[in-house]
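In what follows, a structure is listed as structure tokens, so that the remarks can point back to it.
These numbers were taken from a predicted model, which means no experiment stands behind them.
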Amino acid sequence: MEMFEKYDVIVVGAGHAGSEAAAAAANLGSKVLLITMNLNAIAQMSCNPAMGGIAKGQIVREIDAMGGYSGLVTDKTMIQFRMLNKSKGPAMWSPRAQSDRMLFSATWRRMLEETPNLDFWQDIVVSLLIKGDTVYGVKTAMGIEIKSETVILTNGTFLNGKIHIGTKQFAGGRMGDPASYGLSDELKSWGFETGRLKTGTPVRVDGRTIDFSKMEEQKGDENPENFSFLEKTKLTKQRSCWITYTSPKVHDTLKLGFADSPMFAGRIQGIGPRYCPSIEDKIERFSDKTRHQLFVEPEGWNTIEYYVNGFSSSLPDYIQLKALKEVPGFEKAKIFRPGYAIEYDYFPPTQLKYNLETKTIKNLFFAGQINGTTGYEEAAAQGLMAGINANLKIKEDVPFVLKRSEAYIGVLIDDLITKGVDEPYRMFTSRAEHRILLRQDNADKRLTEKAYKLGLASEERYRKYKQKEEKVERLTRFIYEESVSPEEVNTALEKCNTAPLKQKVKLATVILRPQVNLDLLISANTKLQNLVTENNMFREVIRSAEIQIKYEGYIKKEEDIARKLDKFENIILKEDFNYNELASISYEAREKLTKIKPKTIGQASRISGVSPSDINVLLVYLGR
């Protein structure tokens, strides 16, 4: 008797990538099996207890707009909300939330358990079932073979994972969980290129031993928002974070452990994240800095555990504690566990197609840290796209691919498969050339209709999106058409230090002033106030209308640029194109193009080592 029926999709690993992949495929109608070594650690926040941040918050909004779960789970479990970069333009605004770590994982599990078509199995996948060049299932550590149409690998930091604390080394996928062996070596035997990366995490501190009076309090926003466009839960209370700083004395103490540092001694071969370095790396690289900022973050509503953001380390445990006690507020600190570094296998993502299917093995998809990324949000985005495309592959339908001008998710995947990674990849707003189009406030406008046509965004989500858009359109049209007199607004204008009106002008003209916002005009203009009240125009509607009007010229210019660049995205390159026939392009370009097999001229133009003159040769060859 077979223990398992044949599945449409098997997802290996239940971190953020695996959880989103399983949910997406199941909600699209695929019969899905989610295999993980520990069902009590689904979507566990292995590092900091937070979602979102610079560019990452935009990704969570995009996942939510498409019907993913990350935004909903974050809203249900957050203990603090902040909109970052509010002093800059709206393209830079990024939502971030502190979450209750344990509640976050439990909520994810509950939502997955409530998802139709989704089964679970606690085990370790040690091998793939492959016939010819096509995967057809997996084999587990228990010796069970489970068949499926497609397989999605989301192994995180578990493939040949090794933990480092000073001179101590031991196997593990994260503290308290074993590493995964066998699968990585098998993939190498099938011709996959592999590499090693490193990431790290800081000490966890007993909050009862922290003197917060010596730290700077960082409260959440006065009017906290949500990540999800679907639910509008109100966060009525919040927990504060705290800020403190290292000092030269702290740095000198940390240096005492440098001789035993696995990073400096060369015991760690993997490359660490450039933009989230360990504290010892920061001291070494930025030796001119006398202090570094630390964020002290609560782990949840009902725990005394705190996370020390900025103090990631793999130095000996006693050195970590000694140095921590010299930081203001931590003089009497007790820790729950030391920081550590973890080294793991990854597979350069240039081995993937745009749909995240591998080029070597058909029906096999990779998502998350296995592709060389870092961060929950980047992993979740890849999982969502892999789940969608595994479902489409079974249906023999065209892949679902997002352009760089459509989503940060599109930028992320294009960067990975076109440029590859030589260090853990982290998303920033600067990576997106069309970031004024990819704002956190318009993710639903960009993506919900696409997801609804796929069958992933629910009827309720689509209806709420359409209602919001209708309200934004009505409000925007009114502002362009309605005039306001000096008597109505001059008092308000003087209060915000901008010149008074001398005659009637359109409301839109007044909003263009940098000192003026739409809330000010709503309070000053009775007709506008009535329109907003009668139509229940909530905060997101007002903000969207204001951004569209204030930045109309910039947005239209960026849309024009995106359209011009799209012509290159529409020039298709055949997968079997023989670049070696083109003697007029450089050897490096021939080598890179042959390896990556770009899908379009646009993708080819973004490959490192392919010059504009190489692209011109390709265009001439294609008759363009």
Looking only at the side chains, is there a donor atom on one of [X] and [Y] sitting less than 3.5 Å from an acceptor on the other?
| X | Y | result |
| --- | --- | --- |
| S611 | D614 | yes |
| Q603 | T418 | yes |
| R435 | T429 | no |

Is [X] salt-bridged to [Y], going by a charged N under 4.0 Å from an acidic O?
| X | Y | answer |
| --- | --- | --- |
| K56 | E378 | yes |
| K557 | E552 | no |
| K471 | E540 | no |
| R61 | D64 | no |
| E460 | K464 | yes |
| E569 | R606 | yes |
| E470 | K466 | no |
| K574 | D576 | no |

- Message: Using the rule given for salt bridge (Lys or Arg N to Asp or Glu O under 4.0 Å), can you reason through R563 versus D566, listing the C-alpha separation, both sets of side-chain angles and the distance that settles it, and then say yes or no?
- Response: CA-CA 5 Å; R563 274 193 294 270; D566 270 355; over 6 Å; no
- Strictly under 6.0 Å, is that where the ring centroids of Y579 and F577 end up? yes
- Query: Are F366 and F192 near enough that their ring centres are under 6.0 Å apart?
  - Reply: yes
Any side-chain heavy-atom pair of [X] and [Y] under 4.5 Å:
| X | Y | value |
| --- | --- | --- |
| Q369 | Y346 | no |
| E469 | K445 | yes |
| D133 | W190 | no |
| L187 | L364 | yes |

Side-chain donor or acceptor of [X] paired with backbone N/O of [Y] under 3.5 Å:
| X | Y | result |
| --- | --- | --- |
| D415 | G420 | no |
| S94 | M92 | yes |
| E377 | G52 | yes |
| R439 | I436 | yes |
| E357 | N363 | yes |
| Q351 | E193 | yes |
| T194 | F347 | no |
| K359 | I596 | yes |
| T448 | A65 | yes |
| T373 | G368 | yes |

Atom pair [atom1] ([X]) and [atom2] ([Y]), whose distance is rounded to the nearest 0.5 Å:
| X | Y | atom1 | atom2 | value |
| --- | --- | --- | --- | --- |
| L356 | K393 | CG | NZ | 12.5 Å |
| Y551 | L512 | OH | CG | 10.5 Å |
| S228 | I63 | OG | CD1 | 11.5 Å |
| E343 | I271 | CD | CD1 | 10.5 Å |
| E591 | I585 | CD | CD1 | 11.5 Å |
| K592 | I607 | NZ | CD1 | 8.5 Å |

- Over 12 foreign heavy atoms within 6.0 Å of CZ, F538: yes
- Task: Decide if atom NZ of K188 counts as having more than 12 heavy atoms of other residues, nucleotides or ligands within a radius under 6.0 Å.
- Result: yes
Can you name the closest pair of heavy atoms from [X] and [Y] and give their distance?
| X | Y | value |
| --- | --- | --- |
| L438 | A407 | CD2-N, 3.4 Å |
| C47 | Y376 | N-OH, 2.8 Å |
| N155 | L183 | ND2-CD2, 3.7 Å |
| V9 | A390 | CG2-CB, 4.1 Å |
| V472 | S544 | CG2-CB, 3.9 Å |
| T36 | A14 | CB-CB, 3.6 Å |

- Message: Do K86 and W93 form a cation-pi contact, if we require the NZ or CZ to be under 6.0 Å from the six-membered ring centre and within 45 degrees of the ring's axis?
- Response: yes
- Query: With a cut-off of under 6.0 Å to the ring centre and 45° to the axis, is R431 in cation-pi contact with Y425?
  - Reply: yes
- Task: Assess whether side-chain contact (heavy atoms from CB on, under 4.5 Å) is satisfied between Y452 and Y465, documenting all intermediate values.
- Result: CA-CA 11 Å; Y452 180 69; Y465 152 68; over 6 Å; no
- Just do the ring pair (Phe, Tyr, Trp, His ring centres under 6.0 Å) check on H16 and Y69 with the steps written out, would you? CA-CA 10 Å; H16 297 260; Y69 287 178; over 10 Å; no
- Message: Show, in sequence, the C-alpha distance, side-chain angles and deciding distance for F104 and V73, and conclude whether the side-chain contact (heavy atoms from CB on, under 4.5 Å) test is met.
- Response: CA-CA 6 Å; F104 187 92; V73 174; 3.6 Å; yes
- Query: Between L475 and L518, is a side-chain contact (heavy atoms from CB on, under 4.5 Å) present by the stated rule, with each step listed?
  - Reply: CA-CA 11 Å; L475 180 57; L518 188 46; 4.0 Å; yes
- Item | Working for side-chain contact (heavy atoms from CB on, under 4.5 Å), residues I130 and I361 | CA-CA 8 Å; I130 296 174; I361 303 295; 4.1 Å; yes
- Message: Tell me which one of K599, K403, R404, K353 satisfies salt bridge (Lys or Arg N to Asp or Glu O under 4.0 Å) with D414.
- Response: R404
- Message: By the definition side chain to side chain contact (heavy atoms under 4.5 Å, CB included), identify the one residue from T150, I388, L118, N391 that meets it with S30.
- Response: N391
- Task: Please report the C-alpha distance between R590 and E581 in whole Å, then the side-chain angles of each, then the deciding distance to 0.1 Å, and finally whether the salt bridge (Lys or Arg N to Asp or Glu O under 4.0 Å) criterion is met.
- Result: CA-CA 9 Å; R590 291 201 299 272; E581 290 182 352; over 6 Å; no
